[in-house]
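Note that this is a predicted model, so its numbers are computed, not measured.
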Amino acid sequence: MQEIDDKVKAGERLSRQDGEDLYATDDLAWLGELAHHKRTEMNGDVTLFNINRHLNLTNVCSASCAYCSFQRKPGETDAYTMRLEEAVRLAKEMEPSGITELHIVNGLHPTLPWRYYPRSISALKEALPNVTIKAFTATEIQWFEKISGLPASDILDELMAAGLESLTGGGAEIFDWEIRKQIVDHACHWEDWSRIHRLAHGKGMKTPSTMLYGHIEEPRHRVDHVMRLRELQDETGGFAVFIPLRYQHDFHDSKDGKVRNRIQPVTTMATGAEALKTFAVSRLMFDNVPHVKNFWVMHGLTTAQLSLSYGADDLDGSVVEYKITHDADGFGTPTTMTRDDLLELIRDAGFTPAERNTRYEIVKTFDGPDRTRRDVPQPVWS
Ligand code: SF4
């Protein structure tokens, strides 16, 4: 612990072994202090947030990933695919709240033609010209290669011409093949995921990176995952943020009552302590990725708030109708947070909020914590 502490304070890069040793410690307070040191060094006391909307154009998917509760097969009761007009209408509903980003991910629809996707981006961009479109996982881009016959480079060019400004970070899950082959059913693995993000970075995009943790993987697989991304970041510098995503164990009893998460019998879910540890180790290992984000929908608001003292410096966001894990979670977390809710959450944790755009440029700054509010009873977050 002392050696690692010294390395972090001296600004030295941590090794794979250091990462595994950090996961092995039970001293959560020390780990938090160390991660907070790194976070403060990199980002001061600022906590970023953005005002965004999540859209899932279709939940119909050709793949059957074992952990996924979102997928539907054609003909299932609540399978849906949005017409472009519906997608535009839903996006426009959020316009008055000042969204700066639309975040779009979808199932791998078996029969929708490739043209549907650039057309969707064009229609949304035309309707909301001041909103950044962040869309599609590397898995979807690889799927578009399959259904269009085009190489990923041409696909990205066409989507960018239609208005796409960033990919999303999903589809990464856990890259280690022994784990991956048990939970992932689509064909996009480390080689393709990294190829597609490398291409996007080469075209000037900043993209997010993610990791799905807390299922059947072990801490060493998380460290391996981070090491691969860190190496790619050394090469391209294109990742703006790393996002640990907590696997959702509880299936939501959806309309048809089916359990789609096939690993549920052998999983639980990361505890709050394990979640904080994962944020802290990620912050400490990633000396070359500027931000670590907590997607609060997957962690609950309490853990999200605490994670700000364990390395996280970014909260996503004013999410609306996030279906992918809301179809799975048992937290009863709200489906939306307003700007004021986020400001309150961040200040209450002792940080200074700042609104960012998709490229992590600060678009608005706010006052820091209001010490006088300690005199009145605090709201209780769920
Ligand atoms: S995780 Fe994505 S690719 Fe896998 S089944 Fe779910 S929607 Fe399909």
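Contact detail for Leu212 and Ile174: the closest heavy-atom pair is O-CG1, 3.3 Å. In terms of heavy-atom proximity, Val46 sits nearest to Arg39 at O-NH1, 3.0 Å. Here the shortest heavy-atom pairing between Gly107 and Phe70 reads N-CE2, 4.1 Å. Closest heavy-atom contact between Thr207 and Ala200: CG2-CB, 4.1 Å. In this structure, Val223 and Gly19 approach most closely via the heavy-atom pair CG2-C, 3.7 Å. Residues Trp193 and Gly170 come closest through the heavy atom pair NE1-O, 3.0 Å.
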Step-by-step side-chain contact (heavy atoms from CB on, under 4.5 Å) determination, Arg220 to Tyr23: CA-CA 8 Å; Arg220 67 191 164 93; Tyr23 272 113; over 6 Å; no
Quick one: do Tyr117 and Phe144 satisfy ring pair (Phe, Tyr, Trp, His ring centres under 6.0 Å)? Show the steps, please. CA-CA 9 Å; Tyr117 299 97; Phe144 300 157; 4.4 Å; yes
Could you walk me through whether Ile216 and Tyr247 satisfy the side-chain contact (heavy atoms from CB on, under 4.5 Å) test, starting with their C-alpha distance in whole Å, then the side-chain angles of each, then the deciding distance to 0.1 Å, before giving a yes or no? CA-CA 10 Å; Ile216 58 169; Tyr247 159 77; over 6 Å; no
Please evaluate residues Lys9 and Glu41 with respect to the criterion salt bridge (charged side-chain N to carboxylate O under 4.0 Å, His left out), reporting the C-alpha separation (whole Å), side-chain torsions for both, the decisive distance (0.1 Å), and the verdict. CA-CA 10 Å; Lys9 306 266 166 77; Glu41 209 173 55; over 6 Å; no
Evaluation steps, side-chain contact (heavy atoms from CB on, under 4.5 Å), between Lys293 and Thr210: CA-CA 9 Å; Lys293 174 157 90 180; Thr210 65; over 6 Å; no
Going through the checks in order, is the side-chain contact (heavy atoms from CB on, under 4.5 Å) test met by Leu345 and Trp296? CA-CA 11 Å; Leu345 192 79; Trp296 57 261; 5.7 Å; no
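Salt-bridge check for Arg347 with Glu344: failed, with every basic side-chain N at 4.0 Å or more from each acidic carboxylate O. Contact check on Arg222 versus Glu217 returns a salt bridge, with a Lys/Arg side-chain nitrogen under 4.0 Å from an Asp/Glu carboxylate oxygen. A salt bridge does not link Lys92 with Glu85: none of the charged nitrogens is closer than 4.0 Å to a carboxylate oxygen. Under a 4.0 Å N-O distance rule, the pair Asp185/Arg262 does not qualify as a salt bridge. A salt bridge links Glu165 to Lys125: one of the charged nitrogens lies within less than 4.0 Å of a carboxylate oxygen. Residues Arg16 and Glu20 are not paired through a salt bridge, judged by the lack of any N-O separation under 4.0 Å between the basic side chain and the carboxylate.
At distances below 3.5 Å, at least one donor-acceptor pair connects side-chain atoms of Asn59 with backbone N or O atoms of Tyr80. Asp45 places no side-chain N or O within 3.5 Å of a backbone atom of Gly350 that could act as its donor or acceptor partner. Using a distance-only test at 3.5 Å, with no hydrogens or angles considered, no donor-acceptor pair links the side chain of Thr100 to the main chain of Val131. Side-chain atoms of Gln142 come within 3.5 Å of backbone N or O of Ala187 as a donor-acceptor pair. Side chain of Asn56 to backbone of Val105: a donor-acceptor contact under 3.5 angstrom is found. Remark: side-chain polar atoms of Asn106 are paired, donor with acceptor, to backbone N or O of Leu57 under 3.5 angstrom. Formation of a donor-acceptor pair under 3.5 Å by the Glu140 side chain with backbone atoms of Thr137 is found in this model. Remark: the backbone N or O of Phe175 is paired with a side-chain donor or acceptor of His225 at under 3.5 angstrom. Looking at Ser307, its side chain does come within 3.5 Å of a backbone N or O of Ala304 through a donor-acceptor pair. Remark: the backbone N or O of Cys61 is paired with a side-chain donor or acceptor of Lys73 at under 3.5 angstrom.
Both Phe49 and Ile362 belong to a single network of hydrophobic side chains, linked directly or stepwise wherever heavy atoms of I, L, V, M, F, W or Y lie under 4.5 Å apart. Met42 and Ile346 are members of different hydrophobic clusters when ILVMFWY side chains are connected at heavy-atom separations under 4.5 Å. Residues Phe286 and Ile4 fall within the same hydrophobic cluster, defined by Ile, Leu, Val, Met, Phe, Trp and Tyr side chains chained together at heavy-atom separations under 4.5 Å. A single hydrophobic cluster is seen to contain both Leu84 and Leu112, as judged by linkage of ILVMFWY side chains at heavy-atom distances under 4.5 Å, directly or through other members. No continuous path of ILVMFWY side-chain contacts below 4.5 Å connects Trp177 to Ile263, so the two sit in separate hydrophobic clusters.
No side-chain heavy atom of Leu199 sits less than 4.5 Å from a side-chain heavy atom of Ile141. A heavy-atom distance below 4.5 Å is found between the side chains of Arg260 and Arg72. Residues Ile196 and Phe136 form no side-chain contact, since every pair of their non-hydrogen atoms from C-beta on lies 4.5 Å or further apart. Considering only heavy atoms from C-beta on, Val241 stays 4.5 Å or farther from Ser209 through its side chain. Residues Phe242 and Asp314 fail the side-chain proximity criterion, which asks for heavy atoms closer than 4.5 Å. Contact of the Leu308 side chain with the Tyr310 side chain is not registered, since no non-hydrogen atoms from C-beta on lie closer than 4.5 Å. Looking only at side-chain heavy atoms (C-beta outward), Lys277 and Leu28 come within less than 4.5 Å of each other. Side-chain contact check for His186 versus Asp192: every heavy-atom pair is 4.5 Å or farther apart.
To the nearest 0.5 Å, atoms CG (Asp287) and CZ (Arg230) are separated by 5.5 Å. Here Asp5 contributes atom CG and Leu22 contributes atom CG; the two are 10.0 Å apart, rounded to the nearest 0.5 Å. Between atom CG of residue Leu128 and atom CD of residue Glu101 there is a gap of 12.5 Å, rounded to the nearest 0.5 Å. If you take CE on Met298 and CD1 on Ile243, they are separated by 10.0 Å, rounding to the nearest 0.5 Å. Interatomic distance, CG of Asn261 versus SG of Cys65, reported as 11.0 Å (0.5 Å rounding). Atom-to-atom distance recorded for Leu315:CG and Asp341:CG is 12.0 Å, nearest 0.5 angstrom.
If you look at Phe295 and His103, their ring centroids are not closer than 6.0 Å. Between His291 and Tyr360, the distance separating the two ring centers is shorter than 6.0 angstrom. Two rings, from Phe239 and His201, have their centers less than 6.0 Å apart.
Within a 6.0 Å radius of CD in Glu231, no more than 12 heavy atoms belonging to other residues, nucleotides or ligands are found. Counting non-hydrogen atoms of other residues, nucleotides and ligands closer than 6.0 Å to NZ of Lys146 gives a total of 12 or fewer. When the shell of 6.0 Å around CZ of Arg115 is examined, it contains more than 12 heavy atoms from other residues, nucleotides or ligands.
The only option from Asn357, Asp316, Thr132 that meets the side-chain hydrogen bond (donor to acceptor under 3.5 Å, both in side chains) definition with Asn52 turns out to be Asp316.
Figure legend: cation-pi geometry between Arg228 and Trp190, with NZ or CZ positioned under 6.0 Å from the six-membered ring centre and within 45° of its axis.
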